[in-house]
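First the proteins, then the strands, lettered A, B, ... as listed; each starts at 1.
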Amino acid sequence: MPELPEVEVVRAGLAPAVTGARIDHVEILDARSLKRHDARRGDFVGMLTGARIDSVERRGKFMWLTLSTGDALVVHLGMSGQVLLREPGVDGDRHVRIRFDVTHPQHGDLVVAFVDQRIFGSMAVDALIEQHGALVPTQVAHIALDPLDERFDDDAFVAALRHKRTGIKRALLDQTLVSGIGNIYADEALWASRLHYDRPTDRVSAAQARTVLAEARAVLRKALAEGGTSFDEQYVNVNGQAGYFAHSLNAYGRQGQACPRCGVPIVRESFMNRGSHFCPVCQRRPRGR
DNA sequence: GGGGGTTCCTGTACGC
DNA sequence: TGCGTACAGGAACCCC
C-alpha cells in the first residue's frame with residue numbers, strides 16, 4: 001500500500017520518462033477514478049489534451065504533474081493505485097482506469113496507464129497555488145510537508161504533536177500534521193521508538209516526539225532505498241517491479257512472530273479500522289487505555 | 001473547531 | 001465445489 005517511499009519510487013521513475021512529453025490522448029475507462037476532479041473547473045480530458053508535462057512533483061502521498069497550461073494533474077494512488085509505463089499497443093494490464101498516450105521529443109510514443117484495483121486512488125486536474133515558496137495543487141495545500149522534505153520544521157512538529165489530544169498513531173497518520181506516513185511505517189516507527197500506538201500525545205515528552213520523528217525518517221529512508229514495500233501485486237514501480245522492504249519489517253504484519261528485540265510474540269489489534277502491530281513488552285500500553 | 005467514526009471499493013482468503 | 005463473509009486501509013466526510 002503506497003506510502004511516501006512507494007509514491008516517491010513511482011515519481012522518480014515517472015519523471016525522466018514523461019518530463020517534456022506532450023499528452024496526445026486521454027481515455028477514461030472508469031470515471032470513479034476522477035472523484036478528486038472538480039468538473040466545474042473544466043473537462044478532465046479537454047484540460048489535458050495537448051498539454052506538455054513540465055515536471056513530476058510530490059508531497060506526502062500526493063503526486064502531481066505540472067503542465068504547460070499552468071494547471072497540474074494530481075495523482076493519488078490510494079490503496080492499490082499504480083502508474084505504469086507501457087509501449088503503445090501493449091495491452092493486458094488489469095484494472096486500467098485512465099490511459100494517456102504521450103509523445104516525448106526524445107523517447108517517442110509512450111502509454112501511461114493509471115491502474116487501480118480498489119479505486120481508492122484518483123486523478124484530477126487542479127490549479128496550482130504558491131505555498132512554502134513552491135507551487136502546489138489547491139487540493140494538496142492542506143497536506144503537511146513530509147519528514148524527508150528539507151523544509152520540514154522539527155520543532156513545530158514536536159510542539160503541534162504534544163498540543164494534540166489524541167493517540168500518537170492517529171497523529172502520525174494525520175497528513176495535516178506530518179505527511180507520507182501510513183499504517184505500515186507508523187507501526188514500524190512506533191516499534192523502533194518503543195511507544196504504544198495509543199499513547200496520548202499530550203503525555204509524549206519532547207524527547208520521545210523527536211525520537212519517533214527520527215525513527216519515522218529512518219524507516220522511510222530505508223524503505224525508499226529498498227524500492228518500497230510490496231506484499232502482493234498492489235504496489236509496484238512504473239515498470240511493474242516490486243520493492244523489497246517487506247523483508248525488513250519488524251512489527252507490521254508480524255503478529256505471532258517473535259519481536260526482533262525481546263522475542264515476545266508481536267500482537268495485532270484492530271484500531272482505526274486497520275491493524276496495529278506492536279510488541280506488548282517493548283511497547284507498553286498506556287495506563288487507563 | 002477538533003476528535004473520531006464511517007464510508008468508499010474489489011480481490012483474496014477462509015469457513016461452512 | 002460454491003457461496004457468503006471478513007479483511008486490507010488513505011483520506012474525505014460528517015457528527016458530536
Student: Can you name the residues that form a salt bridge (Lys or Arg N to Asp or Glu O under 4.0 Å) with A:Asp71, not counting sequence neighbours?
Tutor: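 With neighbours one apart ignored, the set is A:Arg41.
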Student: Should the heavy atoms of other residues, nucleotides or ligands under 6.0 Å from CZ of A:Arg151 be counted, would the total exceed 12?
Tutor: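 Enclosed: over 12 neighbouring heavy atoms sit under 6.0 Å from CZ of A:Arg151.
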Student: For the pair made of CG in A:Asp198 and C1' in B:dG5, what is the distance, rounded to whole Å?
Tutor: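 To the nearest whole Å, that distance equals 15 Å.
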Student: Rounded to whole Å, how long is the line connecting atom CG of A:Asp146 with atom P of C:dG10?
Tutor: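 Those two atoms, CG and P, are 16 Å apart.
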Student: Is the shortest distance from a Lys or Arg side-chain nitrogen in A:Asp187 or A:Lys169 to a carboxylate oxygen in the other one below 4.0 Å?
Tutor: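 Looking at A:Asp187 and A:Lys169, the cut-off is met.
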Student: So what stems show up for DNA chain B if we need 3 or more Watson-Crick or G-U pairs in a row, all under 3.5 Å?
Tutor: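 The stems are B:2-16 with C:2-16.
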Student: OP1 or OP2 of B:dG4 versus the side-chain N and O atoms of A:Arg170: is any pair under 4.0 Å?
Tutor: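 It does, given that an N or O in the side chain of A:Arg170 lies less than 4.0 Å from OP1 or OP2 of B:dG4.
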Student: I want to verify a distance call: between B:dT10, C:dG10, B:dG4, whose nearest atom is closest to the A:Leu173 side chain?
Tutor: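 From the listed options, C:dG10 comes nearest.
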Student: Just the rounded figure in Å: distance from P of B:dG2 to CG of A:Leu177.
Tutor: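 Those two atoms, CG and P, are 12 Å apart.
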Student: Counting only heavy atoms from other residues, nucleotides and ligands, does the tally under 6.0 Å from CZ of A:Arg52 exceed 12?
Tutor: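 No, not enclosed.
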Student: Roughly how many Å is it from NZ in A:Lys35 to P in B:dC9, rounded to a whole number?
Tutor: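 Computing the A:Lys35:NZ to B:dC9:P distance gives 7 Å.
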Student: Listing time: all N or O pairs from protein to nucleotides 12-16 of chain C that are below 3.5 Å?
Tutor:
residue	atom	partner	partner atom	Å
C:dA12	OP2	A:His142	NE2	3.4

Student: Can you tell me the distance, in whole Å, between the CD atom of A:Gln117 and the P atom of B:dC9?
Tutor: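 To the nearest whole Å, that distance equals 14 Å.
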Student: Using only heavy-atom distances, determine whether the side chains of A:Asp146 and A:Ser179 contain a donor-acceptor pair under 3.5 Å.
Tutor: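 A:Ser179 and A:Asp146 do not have a side-chain donor-acceptor pair below 3.5 Å.
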Student: Checking side-chain contact (heavy atoms from CB on, under 4.5 Å) against A:Val204, which of A:Val212, A:Thr211, A:Ile168 comes through?
Tutor: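 Looking at A:Val212, A:Thr211, A:Ile168, the match for A:Val204 under the side-chain contact (heavy atoms from CB on, under 4.5 Å) is A:Ile168.
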Student: Any ion pair linking A:Asp154 and A:Arg217 (charged N to carboxylate O, less than 4.0 Å)?
Tutor: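 Looking at A:Asp154 together with A:Arg217, the answer is yes, because their closest N to O distance falls below 4.0 Å.
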Student: For a quick test of reading the model: is some side-chain N or O of A:Arg274 closer than 4.0 Å to OP1 or OP2 of C:dG10?
Tutor: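 A:Arg274 to C:dG10 OP1/OP2: side-chain N or O found under 4.0 Å.
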Student: Write down the distance between CG (A:Asn183) and P (C:dG10), rounded to a whole number of angstrom.
Tutor: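 Spelled out: CG on A:Asn183 to P on C:dG10 is 5 Å.
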Student: Parallel, tilted or perpendicular, judged at 30° and 60°: which one describes the rings of A:His196 and A:Phe278?
Tutor: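 Perpendicular.
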Student: Categorize A:Lys164 for me: base, sugar-phosphate, or nothing, with a 4.0 angstrom heavy-atom threshold over every strand shown.
Tutor: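 Counting heavy atoms under 4.0 Å across all strands, the contact made by A:Lys164 is with sugar-phosphate only.
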Student: Where the side chain of A:Arg94 is defined as all heavy atoms beyond and including C-beta, which of B:dC9, C:dA11, B:dT12 is the nearest nucleotide?
Tutor: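 That would be B:dT12.
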Student: On the 0 to 90° scale, with breaks at 30° and 60°, tag the A:Phe271-A:Tyr197 ring pair as parallel, tilted or perpendicular.
Tutor: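 Because their plane-to-plane angle lies in the 30° to 60° range, the rings of A:Phe271 and A:Tyr197 count as tilted.
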Student: Nearest whole Å is fine: how far is B:dG3 C1' from A:Asp202 CG?
Tutor: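 My rounded result for the distance is 13 Å.
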Student: Starting at atom CZ of A:Arg118, determine the distance to atom P of B:dT10, rounded to an integer number of angstrom.
Tutor: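 These atoms are roughly 11 Å apart.
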Student: For A:Arg199, which of A:Leu195, A:Asp202, A:Thr201 qualifies under side-chain contact (heavy atoms from CB on, under 4.5 Å)?
Tutor: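 Of the listed options, the one satisfying the test is A:Leu195.
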Student: Report the nucleotide, chosen from C:dG10, B:dG4, B:dC9, that has the shortest atom-to-atom distance to any side-chain atom of A:Thr166.
Tutor: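 Side chain of A:Thr166 sits closest to B:dG4.
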Student: Which of these nucleotides, B:dG11, B:dG3, C:dG10, is closest to any side-chain atom of A:His95?
Tutor: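 It is B:dG11.
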Student: Counting just side-chain N and O atoms, does A:His76 come under 4.0 Å of either OP1 or OP2 of C:dG10?
Tutor: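 For C:dG10, OP1/OP2 do not have a side-chain N/O of A:His76 under 4.0 Å.
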Student: Within the 4.0 Å heavy-atom criterion, would you say A:Gly275 contacts the bases, only the backbone, or no part of the nucleic acid?
Tutor: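 Sugar-phosphate contact only.
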